[in-house]
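A short worksheet on the structure shown next.
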Amino acid sequence: MSSSLLADLNTQQLEAITLPHQSVLVLAGAGSGKTRVLTTRIAYLIQSGQVSPFSILAVTFTNKAAKEMLTRIHALLPVNTRGMWMGTFHGLCHRLLRAHYQEAGLPQTFQILDTADQLATIKRILKSLSVDDKRFPPRQVQWFINNAKESGQRAADVIVDDPFSSHLLDFYLAYEQQCNREGVVDFAELLLRSYELLTRNEILRDHYRERFDYILVDEFQDTNRLQYNWLKLLAGVGTKHAAAVFVVGDDDQSIYAFRGADTGNMKDFERDFGISKVIKLEQNYRSHGNILDAANALIENNTERLGKNLWTAEGMGEPLRVYRAFNDFDEASFIVDEIRALHVDGVPLSQIALLYRANAQSRVLEHTLFKAALPYRVYGGMRFFERMEVKHALAYLRLIANPEDDNALLRVINFPARGIGARSLEQLQDEARQQNSSLWAAALHRCGEAATAVESDTKNKRGVAGFVGVIQVMRQGWENLPLAQIVERMLVQSGLMGHYQTVRESADRLENLHELVNAAISFVHEAEDGSLTAFLAHASLEAGEHQAGSGQDALQLMTIHASKGLEFHSVFLSGLEEGLFPHENSLNEKNGLEEERRLMYVAMTRARRRLYLSLAQSRMLHGQTRYNIPSRFLDEIPEKFLKWLRSPAGDGFSFDRSFTTKDLGTRSAVEVRKKDPFNRELPVEGQWRIGQTVAHVKFGEGVILDYEGSGSDARVQVNFGRAGTKWLMLEYARLTPV
DNA sequence: ATTCTTTAGTTTTTT
DNA sequence: ACTAAAGAAT
């Protein structure tokens with residue numbers, strides 16, 4: 001046994017890593033070396049010859065976490081870990097279902113619906129049932145279905161006692177049938193179906209139980225009921241081949257109860273798996289004492305805790321700095337000033353995080369950072385595989401794999417436009433309903449199956465026949481092409497490329513389509529199975545690591561949720577106001593306040609050396625100025641840990657930093673409708689800006705509102721007040737700056 | 001079939 | 001205040 005593997009570990013870490021074949025719950029506090037323990041445990045088991053990688057199953061919550069864990073194991077251990085199963089719950093269940101699709105009652109090419117696809121399917125079903133979507137909002141139906149599935153219930157299992165729920169149940173049933181007909185599964189279905197597969201199929205169950213000797217689970221506090229039951233089933237508690245289940249979690253960092261995570265699973269785990277001992281990792285290697293003690297004091301206010309207190313061998317460090325701002329702009333400019341000072345002191349920008357409760361808060365921060373010319377990156381937001389043009393392209397690919405996919409068909413049957421309007425679509429849907437078939441089958445039937453395939457690539461590209469032809473061409477003779485070529489040809493054949501080449505302002509979209517080809521190429525490189533079906537599953541399950549633009553030293557902006565698991569030298573936590581944090585909506589939910597407090601705890605424990613807490617007396621929200629009182633969480637942190645940078649009571653208040661209404665209130669006679677937040681230069685001439693006042697020979701003075709195009713095609717929209725708002729070609733309009 | 005107008009929703013989010 | 005999506009008008 002190499003000694004380096006176990007060097008520098010504390011007693012509890014060592015105990016967890018070297019534990020013999022038994023199930024254990026590891027309560028791992030923030031910054032206690034949780035990931036290290038998990039990866040070292042796996043490396044230790046393999047290196048000491050207790051188990052082959054083939055018999056290990058490791059579960060994480062995100063693909064990112066799985067990837068990181070694999071990298072770290074490889075760094076510890078020069079051993080081939082191919083046989084090991086490591087991934088997310090959904091990824092692993094997907095793997096099971098692919099391997100045993102027949103036993104699971106699925107077509108070989110079954111596709112995965114993401115959240116948006118699922119909602120679209122539900123809307124479609126509600127429409128076909130002529131349901132009033134005012135009375136039954138699609139989102140609520142979606143929530144009902146996912147909730148049922150995540151507690152392991154099929155439509156047949158749900159018991160309802162009121163007429164409203166009884167309707168919801170009908171929709172659930174219709175949705176189930178529709179998904180089966182189309183051969184698609186949603187995220188919850190991946191779990192439920194593989195759970196049912198293992199329940200029903202004794203041979204498979206025994207096979208996997210025998211195979212997986214050691215099961216490890218990260219972020220266990222985030223598991224929902226179905227995931228827990230899946231785990232229990234696979235582990236085979238109480239049977240001859242019961243696996244040793246090693247779960248790591250922190251009840252204080254459970255912040256996903258709102259989407260079904262159940263910390264009760266931790267207590268149940270102790271009971272169901274006969275846990276004799278809980279190992280607590282309580283030494284924190286991240287933060288200075290003041291930060292940690294403040295966080296501990298805060299979380300003490302929660303009653304539902306398993307009990308655990310973090311300590312550090314580091315010194316107390318600095319107190320937490322609290323700033324009470326006049327308004328949100330003032331708060332942002334305070335943050336900018338402090339960032340500048342930190343940067344001068346040598347703290348890299350990438351080691352500074354700006355955290356907030358809600359995404360809407362990033363706006364003012366971004367605006368201020370941009371004005372201050374500080375580079376920043378915002379995490380979260382639109383992902384690559386969720387972009388409209390990418391989803392269109394994926395829909396075509398789905399139709400190649402499985403034309404029965406109504407969802408995909410509806411998305412692109414008239415995109416690019418082929419002259420198929422609402423009328424013809426309705427006819428098609430009626431036909432499909434009558435024959436109880438897919439839309440594709442109905443479309444085929446309508447065009448006359450024989451004729452279309454041959455004539456398709458000659459001329460007739462419009463109408464339903466044109467669409468059928470396009471798909472026929474894609475489905476015939478492309479089977480043996482490499483994935484990237486399929487994607488490339490599809491982009492041309494579908495007309496997507498052509499469409500985005502002609503439409504103005506589509507440079508980004510075109511680039512994304514090219515990027516999709518690149519994604520296919522690198523997917524074939526990395527994945528074992530480079531098939532189209534595998535690629536489509538990848539697109540659904542790993543909606544996208546947004547890692548573009550990395551490398552540059554930039555500030556990190558994200559929600560507190562997104563910051564879990566990360567650490568920074570300095571953290572700015574803004575918006576500490578009642579109503580915002582804790583969020584007002586949380587107060588109506590059961591245990592909502594406790595979850596908000598855990599969120600606060602997570603935010604505080606991200607900081608290694610310096611933690612700023614800030615609040616604004618007034619803040620723009622939904623277009624209205626709101627006046628808030630300080631967050632109760634500030635009261636829950638003892639004064640001895642805090643250093644107020646401005647009087648907490650508001651007396652002796654200075655307005656020096658604050659924006660007054662003069663900045664916002666004065667408007668010229670001409671109203672600026674749309675402001676570019678960055679006041680960026682028009683790319684055309686370099687001298688024109690949005691918001692700039694210009695003069696026109698005939699229309700007089702006006703303000704530039706917007707622009708379009710570039711080069712000789714560049715146009716600007718100018719509001720001339722009395723003469724109205726006009727679009728003008730820059731080349732001819734002869735505008736002059738005023 | 002395109003384009004304009006109205007309306008709803010706006011805590012957190014991965015798979 | 002702002003956006004996206006549904007509805008109405010051309």
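The sequence lines fix the lettering, A, B, ..., with proteins before strands; numbering per chain opens at 1.
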A:N359 side chain N/O closer than 4.0 Å to the phosphate oxygens (OP1, OP2) of B:dT10?
no
Within 45 degrees of the ring normal and closer than 6.0 Å to the centroid, is that where the cationic atom of A:R98 sits relative to A:F110?
yes
Check every atom of B:dT14, C:dA1, B:dA1 against the side chain of A:H622 and return the nucleotide holding the closest atom.
C:dA1
Would you call the rings of A:Y256 and A:F258 parallel, tilted or perpendicular, where under 30° means parallel and over 60° means perpendicular?
tilted
Hey, which of these two, A:K134 or A:E386, hits DNA chain B nearer its 5' end, going by closest nucleotide?
A:K134
Would you mind reading off the distance between A:H94 atom NE2 and B:dT14 atom P, rounded to a whole angstrom?
20 Å
Pick base, sugar-phosphate or nothing for A:F258, based on heavy-atom distances below 4.0 Å to the nucleic acid.
base
Can you label the angle between the A:Y500 ring and the A:F415 ring as parallel, tilted or perpendicular, going by 30° and 60°?
tilted
Any base atoms under 4.0 Å from A:L92, or only sugar-phosphate, or nothing? Heavy atoms, all strands.
nothing
Using atom CG of A:D133 as one end and atom C1' of C:dA6 as the other, report the distance to the nearest whole Å.
9 Å
Name the nucleic acid region contacted by A:R418, choosing base, sugar-phosphate or nothing; use a 4.0 angstrom heavy-atom cut-off, strictly under.
nothing
With the side chain defined as heavy atoms from C-beta on, A:T88 is closest, among B:dA8, B:dT12, B:dT15, to B:dT15
Round to the nearest Å and state the distance from A:Y379 atom OH to B:dT12 atom C1'.
19 Å
Check whether A:R606 reaches the backbone of A:L566 with its side chain - one donor and one acceptor, N or O, closer than 3.5 Å.
yes
Hey, what's the ring geometry for A:F329 with A:H367, parallel, tilted or perpendicular (30° and 60° as the breaks)?
perpendicular
A:H90 NE2 to B:dT13 C1', in whole Å, measures 12 Å
Just checking A:Q118: base, sugar-phosphate only, or nothing, at a heavy-atom cut-off of under 4.0 Å?
nothing
Does C:dA6 have OP1 or OP2 under 4.0 Å away from a side-chain N or O of A:K123?
yes
Using heavy atoms to find the nearest nucleotide of DNA chain B for A:S424 and A:H583 separately, return the residue whose nucleotide is more 5′.
A:S424
Rounded distance (Å) that lies between atom C1' of B:dT15 and atom CG of A:L97
14 Å
Nearest-Å distance for atom pair CG/C1', residues A:L599 and B:dT13
12 Å
Report which part of the nucleic acid A:Y256 touches: base, sugar-phosphate, or nothing (heavy-atom distance under 4.0 Å, all strands).
sugar-phosphate
Answer yes or no: side-chain N or O of A:T115 and base N or O of B:dT15 forming a donor-acceptor pair under 3.5 Å.
yes
In terms of side-chain heavy atoms of A:R259, which of B:dT12, B:dT15, B:dT14 is nearest?
B:dT14
Looking at A:A188, is its backbone amide N or carbonyl O close enough to the side chain of A:E150 to form a donor-acceptor pair, meaning the two atoms are under 3.5 Å apart?
no
Spacing of A:L191 atom CG relative to B:dT14 atom P, expressed in whole Å
16 Å
C:dA5 P sits how many Å from A:K391 NZ, rounded?
12 Å
